[in-house]
Amino acid sequence: MKAFLQAFFSSNYIPHGHCYLWQSGLVWLHGMSDALIALAYYSIPIFLIYLSYKRSDIPFRGAFWLFGAFIVCCGTTHLLEIWTLWHPIYWLTGGMKAVTAIISLYTALALIQLTPQALALPSPAQLEIANQTLEQLNQALETRVAQRTEELTKTIQQLQNEVEQRQQAETELQRSNQELEQFAYVASHDLQEPLRVIVSYTELLAQKYQKQLDEKADKYITYIVNAASRMQALIEDLLSYSRVGRCDFRLVSTDCNQVVDQVIHALHIAIAESNANITRDRLPTIKADKEQFTRLLQNLIGNAIKYRQEEPPQIHITATQQDNQWRFAVRDNGIGIEAQYAERIFIIFQRLHTRRQYSGTGLGLAICKKIVQRHNGNIWVESELGKGSVFWFTMPVD
């Protein structure tokens, strides 16, 4: 091994400059030329490394590295050529040329394999066409986006106009409802006194002159008394309906169990006459206007007693919590309601039966709906004719 290295770096040969007869001009010509070529060779890999660093997406990175190694070896052979002008280390120079040959052959083979892929890359003309196509598509897309934006702007403007119109209509409707409630309240309040006078004097007339006149006169007096009584009940219910939206709304802690007990006490005569059985589960304590909540339950329980079948009424009240609201149910075994009337019965003055069948003014359930809505709840009925009804309503949880 030592002998090989001594031979490899041996200087027992004639320097290359001797071949040039040590003519200074010729020696310097070859020396400077090889130096400039080596400098150029070394600068190329530096550029390739910089390009590869800046463009990490560049294809054929392996070929770049191979080509860089080949260029470095070429530059090194030229530096050794300068050295051999004065120092004849031809074995080292030959070894470097062999390494360069091996790398160059490997690079050539790699380039042959990469040629189909390189040929598949689009040419500048093809890239220009593709770029023009993309620009056209982009312009078309921008045009469509502009058109769509304009359409959306018009649609949004229309929606804003509709919202404004609806808000104006709602404001007008609210004002009209307030005026209507004010009118109903004033009219009902002002009609009470003259109506009481009519009822009082008609009853006095009936008591004093009944059976002293003919049958027709007695019948007419009875008609007047009955009509005045119905009118008085209607005005009282109308006042109650208008008061729901006008009176002070006080949310207080309300024990629903006590409210049911109060309603049962208030309806004890009707309960006794009908042999009604009223039961309840354990009910919650909620935030509500106690007076209005009592009126709500009294109307629902009173209706369950009124619209009964032949057997005694069975009424059961429950409440379950669902998310952020209490869901109350007043269940009965009464005459029931056809599904087509499930919404109509909550409209003011809407009745499903004649006064001869069932007394009333047609305001009870309308009052219930107004009370529930004022508590931010909903009310509805599930019923089947002849099989009873379940009146549901919701109240917010505290």
Side-chain angles (χ1 to χ4, degrees), residues 174 177-178 181-182 184-185 188-189 236-272 274 276-307 313-334 343 345-348 360-361 363-383 388-398:
Q174 185 177 7
N177 288 337
Q178 289 175 350
E181 287 185 1
Q182 177 69 14
Y185 179 79
S188 301
H189 186 271
E236 288 176 355
D237 284 347
L238 191 58
L239 273 173
S240 298
Y241 181 81
S242 62
R243 284 196 189 103
V244 172
R246 291 176 54 84
C247 66
D248 293 337
F249 189 63
R250 297 186 181 92
L251 291 178
V252 296
S253 181
T254 303
D255 186 346
C256 299
N257 303 282
Q258 293 181 359
V259 172
V260 172
D261 294 340
Q262 292 174 7
V263 170
I264 292 174
H265 179 73
L267 297 174
H268 70 279
I269 296 177
I271 293 172
S274 61
N277 181 32
I278 301 175
T279 58
R280 58 172 170 81
D281 292 346
R282 182 65 184 173
L283 302 178
T285 297
I286 63 173
K287 286 286 186 180
D289 185 296
K290 190 171 183 178
E291 182 180 348
Q292 292 188 6
F293 189 76
T294 302
R295 181 63 184 270
L296 168 65
L297 286 180
Q298 185 168 329
N299 284 2
L300 293 177
I301 295 173
N303 280 353
I305 296 173
K306 182 194 299 184
Y307 298 102
Q314 300 293 326
I315 304 167
H316 187 64
I317 302 129
T318 62
T320 56
Q321 184 174 351
Q322 293 186 349
D323 297 329
N324 59 344
Q325 63 182 9
W326 287 103
R327 188 174 181 180
F328 289 82
V330 179
R331 191 182 306 269
D332 64 56
N333 63 338
E343 295 184 5
I345 59 174
F346 293 102
I347 300 175
I348 189 171
T361 60
L363 280 164
L365 289 177
I367 293 173
C368 291
K369 182 177 181 180
K370 197 169 184 180
I371 291 173
V372 172
Q373 287 179 341
R374 196 167 190 199
H375 285 79
N376 296 320
N378 294 311
I379 185 169
W380 69 96
V381 64
E382 294 176 0
S383 180
S389 304
V390 182
F391 281 85
W392 300 90
F393 65 91
T394 60
M395 288 284 171
V397 175
D398 291 347

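Positions are given from 1 along the sequence. All of these numbers come straight from a predicted model, not from anything done at the bench.
- Minimum heavy-atom separation, Asn299 to Gly364: ND2-O, 3.2 Å.
- Contact check for His316 versus Asp281: side-chain heavy atoms found under the 4.5 Å cut-off.
- Expressed to the nearest 0.5 Å, how far CZ of Arg282 lies from OG1 of Thr318 amounts to 14.5 Å.
- You'll find the side chain of Cys256 reaches within 4.5 Å of the side chain of Ile286, heavy atoms only.
- Rounding to the nearest 0.5 Å gives a distance of 7.5 Å between CG of Asn378 and CD of Gln373.
- Of the inter-residue distances, the one linking Ile315 atom CD1 with Leu300 atom CG reads 10.0 Å to the nearest 0.5 angstrom.
- For the atom pair Thr394 OG1 and Phe328 CZ, the distance stands at 9.5 Å (nearest 0.5 Å).
- Note on ring orientation: taking the six-membered ring where Trp is involved, the planes of His265 and His268 are parallel (angle under 30°, cut-offs 30° and 60°).
- For the pair Thr294/Val263, a side-chain contact is recorded, criterion being any heavy-atom separation below 4.5 Å from C-beta on.
- Of all heavy-atom pairs spanning Leu365 and Phe346, the tightest one is O-CD2, 3.7 Å.
- The aromatic rings of Trp380 and Trp392 sit parallel to each other, their planes meeting at less than 30°, with 60° as the upper class boundary.
- Residue Gln262 qualifies as enclosed at atom CD: its count of foreign heavy atoms under 6.0 Å is above 12.
- Here the CG-CG distance, from Leu283 to Leu297, works out to 8.5 Å after rounding to the nearest 0.5 Å.
- Electrostatic pairing of Arg295 and Asp289 does not count as a salt bridge here, judged by no charged N lying under 4.0 Å from a carboxylate O.
- In this structure, Ser253 and Thr285 approach most closely via the heavy-atom pair OG-CG2, 3.1 Å.
- Around CD of Gln325, the count of heavy atoms belonging to other residues, nucleotides or ligands within 6.0 Å exceeds 12.
- The two residues Thr254 and Ala288 come nearest to each other via the heavy atoms OG1-O, 3.3 Å.
- Annotation for Arg280: atom CZ counts as buried by contact number, over 12 foreign heavy atoms lying within 6.0 Å.
- A distance of 8.5 Å separates CG of Leu296 from NE2 of His375, quoted to the nearest 0.5 Å.
- Residues Ile278 and Ile317 form a side-chain contact, since some pair of their non-hydrogen atoms from C-beta on lies under 4.5 Å apart.
- The nearest pair of heavy atoms linking Ser383 to Gly388 is OG-O, 3.0 Å.
- With hydrogens and angles ignored, the 3.5 Å screen pairs no side-chain donor or acceptor of Asn324 with any backbone N or O of Val397.
- Residues Ile371 and Phe393 fail the side-chain proximity criterion, which asks for heavy atoms closer than 4.5 Å.
- The shortest side-chain heavy-atom distance between Phe391 and Ile345 falls under the 4.5 Å cut-off.
- Across all their heavy atoms, Trp326 and Pro284 have their closest contact at CZ2-CB, 3.5 Å.
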